[in-house]
Peer 1: 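Once you've had a glance at the structure underneath, I'll fire off some questions.
Just so you know, these numbers use all the heavy atoms, side chains as well, and skip hydrogens, waters and symmetry mates. The sequence lines fix the lettering, A, B, ..., with proteins before strands; numbering per chain opens at 1.
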Protein chains: 2
Amino acid sequence: MSQPDTKERILDVAEELFARQGFHATSLRAITGAAEVNLAAVNYHFGSKEALLDAVFERRLTPLNRERQARLDAVQAVAATEGRPLRAEEVLRALIEPTLRLYESGPGASSFILLVGRALSGSDELVRQTFLQHMGALFALLLDLLGQALPQLPRNQLFWRLQFALGATGHALRWAGGGLELPGGFTQPPSVEELIDMVVGFSAAGMEAPCP
Amino acid sequence: MSQPDTKERILDVAEELFARQGFHATSLRAITGAAEVNLAAVNYHFGSKEALLDAVFERRLTPLNRERQARLDAVQAVAATEGRPLRAEEVLRALIEPTLRLYESGPGASSFILLVGRALSGSDELVRQTFLQHMGALFALLLDLLGQALPQLPRNQLFWRLQFALGATGHALRWAGGGLELPGGFTQPPSVEELIDMVVGFSAAGMEAPCP
DNA sequence: GCACAATTTAAACGAACGTTTGATTTAATG
DNA sequence: CATTAAATCAAACGTTCGTTTAAATTGTGC
């Protein structure tokens with residue numbers, strides 16, 4: 001018999017299958033089968049399949065958002081004591097780095113990274129809405145801080161460039177989470193460090209592009 | 001009775017529903033119901049649901065890729081006659097602009113734009129594979145041209161930056177296709193022209209960022 | 001050890017899915 | 001008009017889905 005904690009085992013398997021196959025394409029029978037629990041366990045412990053999705057996000061996103069908030073606070077504090085304006089690069093890094101660093105916290109985390117990447121892309125509206133619900137007001141704060149870092153950029157341009165940065169980041173998360181296969185296999189995947197530097201550098205340069 | 005062309009009506013509806021709800025979440029009954037044709041019509045005319053997805057991509061992507069190829073050829077020719085190296089901005093524009101300009105070709109095209117945006121994000125592996133199959137060797141050509149435009153950039157960096165650019169572009173396509181709702185609604189959607197300029201400008205700046 | 005709640009189990013529910021069938025209608029051809 | 005192929009149709013196929021039920025099992029407090 002496996003470990004006794006049925007809820008955790010269900011969460012682990014659901015996280016992986018929701019990420020790799022999508023929410024709709026994953027059946028409760030596939031989840032409970034892989035988790036070696038009874039089919040009815042999901043409805044007993046979580047209530048429904050949708051509530052299970054919510055619990056998958058909740059488990060990881062609560063501590064992750066706490067860390068993101070702390071890093072954004074720290075970035076603001078450092079800029080204030082140094083008497084300089086915020087830099088777009090450090091704001092983006094405070095958002096992106098904790099997410100990709102989840103990769104180092106265990107084998108199951110890469111599935112969650114992939115799930116976030118796919119939630120960002122909004123292919124499944126239910127997954128995207130559940131994700132955004134857990135993100136709360138973080139996007140508004142992000143927009144505000146980037147507005148301070150790029151005061152010369154019109155609000156409209158700022159909003160869309162942030163969207164593009166999120167699009168690039170989501171793509172990076174999907175790669176890092178193993179959700180996309182390398183075409184031709186001619187390029188080896190980078191380390192987490194390198195990927196963070198690349199996507200932050202790319203996004204920061206895009207946001208700081210001269211206004212056309 | 002409606003128009004006689006059953007196949008076209010099925011393609012139109014399938015394009016819209018596959019884009020808005022996803023491939024797995026769209027049933028043949030929903031498609032045939034909205035198209036006002038018999039349930040068996042899909043299997044009769046296309047063979048299967050998967051073959052229908054293939055036909056949806058085929059109808060738009062064949063002429064679209066012809067135009068993309070022509071524009072990439074033109075960009076190379078102009079740079080050659082002017083005796084200067086390629087610019088990343090014009091290469092990216094040759095790829096992105098024809099796609100987003102589909103928006104002006106009719107009301108149904110926005111659904112296809114959304115579908116491409118979601119295929120790029122790879123949330124449904126079957127949709128992504130079908131899409132990539134129709135894209136053929138275009139990605140390899142793109143990588144080659146961008147390598148000419150940015151000769152100082154290591155091949156690895158180039159590959160990943162192109163991925164980020166595709167991620168940003170995919171996000172723009174999903175917005176333009178109406179697949180994502182504006183949060184808070186505080187920003188009005190831009191025109192197609194503006195969106196093209198913004199995403200091309202963002203991506204080109206990201207690709208040309210100094211090597212860290 | 002007994003009563004009681006929490007959990008797990010096997011089985012079944014109705015609904016929806018993609019696909020197939022065979023009859024029927026429509027269109028085209030000589 | 002008669003014949004034949006193409007297209008449409010209603011109906012059913014077997015499968016899988018999320019959810020529910022009620023009995024069986026396990027764990028807990030007295």
Peer 1: Would you mind reading off the distance between Ile10(B) atom CD1 and dT19(C) atom P, rounded to a whole angstrom?
Peer 2: 13 Å
Peer 1: Side chain of Leu39(A): nearest nucleotide among dA12(D), dT19(D), dT8(D)?
Peer 2: dT19(D)
Peer 1: Please confirm whether the backbone N or O of Asp54(A) pairs with a side-chain atom of Thr130(A), one donor and one acceptor, at under 3.5 Å?
Peer 2: no
Peer 1: Round to a whole Å and report the spacing from OH of Tyr44(A) to P of dT9(C).
Peer 2: 12 Å
Peer 1: Check whether Phe23(A) forms a cation-pi arrangement with Lys49(A) (NZ or CZ under 6.0 Å from the six-membered ring centre, at most 45° off the ring normal).
Peer 2: yes
Peer 1: Hey, does the side chain of Ser48(A) come within less than 4.0 Å of dG18(D)'s phosphate (OP1/OP2), counting only N and O?
Peer 2: no
Peer 1: Return the set of residues passing ring-ring contact (aromatic ring centres under 6.0 Å, His included) with Phe112(B) (not counting sequence neighbours), or none when no residue passes.
Peer 2: none
Peer 1: Look only at the side chain of Gln129(B) and the backbone of Leu126(B), and say whether a donor-acceptor pair between them is shorter than 3.5 Å.
Peer 2: no
Peer 1: Give me the ring orientation class for His171(B) and Trp175(B): parallel if the planes are under 30° apart, tilted from 30 to 60°, perpendicular past 60°.
Peer 2: perpendicular
Peer 1: At under 4.0 Å between heavy atoms, what does Ala41(A) touch on the DNA or RNA strands: base, sugar-phosphate, or nothing?
Peer 2: nothing
Peer 1: Mind calculating the distance between NZ (Lys49(B)) and C1' (dA16(C)) to the nearest angstrom?
Peer 2: 12 Å
Peer 1: Asn38(B) CG to dC9(D) P: how many Å, rounded?
Peer 2: 5 Å
Peer 1: Please list, in numerical order, the residues of residues 23-31 of chain B that have a heavy atom closer than 4.0 Å to any atom of DNA chain C.
Peer 2: Thr26(B), Ser27(B), Leu28(B), Arg29(B)
Peer 1: Is the phosphate of dA6(C) approached by His45(A) (side-chain N or O, under 4.0 Å from OP1 or OP2)?
Peer 2: no
Peer 1: Can you check the Asn43(B) CG to dA6(D) P distance for me, whole Å?
Peer 2: 18 Å
Peer 1: Check the distance between dT7(C)'s P and Phe46(A)'s CZ and give it to me in whole angstrom.
Peer 2: 12 Å
Peer 1: For the pair made of CD in Glu50(A) and C1' in dC17(D), what is the distance, rounded to whole Å?
Peer 2: 14 Å
Peer 1: Kindly write out the residues that satisfy side chain to side chain contact (heavy atoms under 4.5 Å, CB included) with Pro107(A), not counting sequence neighbours, or none if the list is empty.
Peer 2: none
